[in-house]
Q: 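Got a structure for you, questions after.
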Amino acid sequence: MPPGLVAGVRGRLGSLAPDTLRFLRVGAVLGRRFAFDDAAALCALPRPR
């Protein structure tokens with residue numbers, strides 16, 4: 001991968017809130033299709049209203 005791409009992605013991810021990063025990691029493990037509520041539960045986050 002081009003170094004600029006890696007640096008750009010790291011920069012964008014670095015500015016996200018910790019709960020958002022945790023949610024993205026869970027989503028990456030679950031794959032392309034998953035229910036939002038399932039991912040939130042795995043992250044121990046409250047269900048959105």
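If you're wondering where the values come from, they're calculated on a predicted model, not measured in any experiment. The chain is numbered in sequence order, starting from 1.
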Q: Does L24 belong to the same Ile/Leu/Val/Met/Phe/Trp/Tyr cluster as F34, with side-chain heavy atoms less than 4.5 Å apart forming each link?
A: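 Different hydrophobic clusters.
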Q: Give every donor-acceptor pair under 3.5 Å between a side-chain atom in residues 1-10 and any protein atom, sequence neighbours left out.
A:
none

Q: Does L42 reach the side chain of V29, with side-chain heavy atoms less than 4.5 Å apart?
A: no
Q: Would F23 end up clustered with L30 when hydrophobic side chains under 4.5 Å apart are linked, directly or stepwise?
A: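 Yes: a chain of side-chain contacts under 4.5 Å links F23 to L30.
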Q: Can you list every pair that meets salt bridge (charged side-chain N to carboxylate O under 4.0 Å, His left out) and has a residue in residues 22-32, with sequence neighbours left out?
A: D19-R22
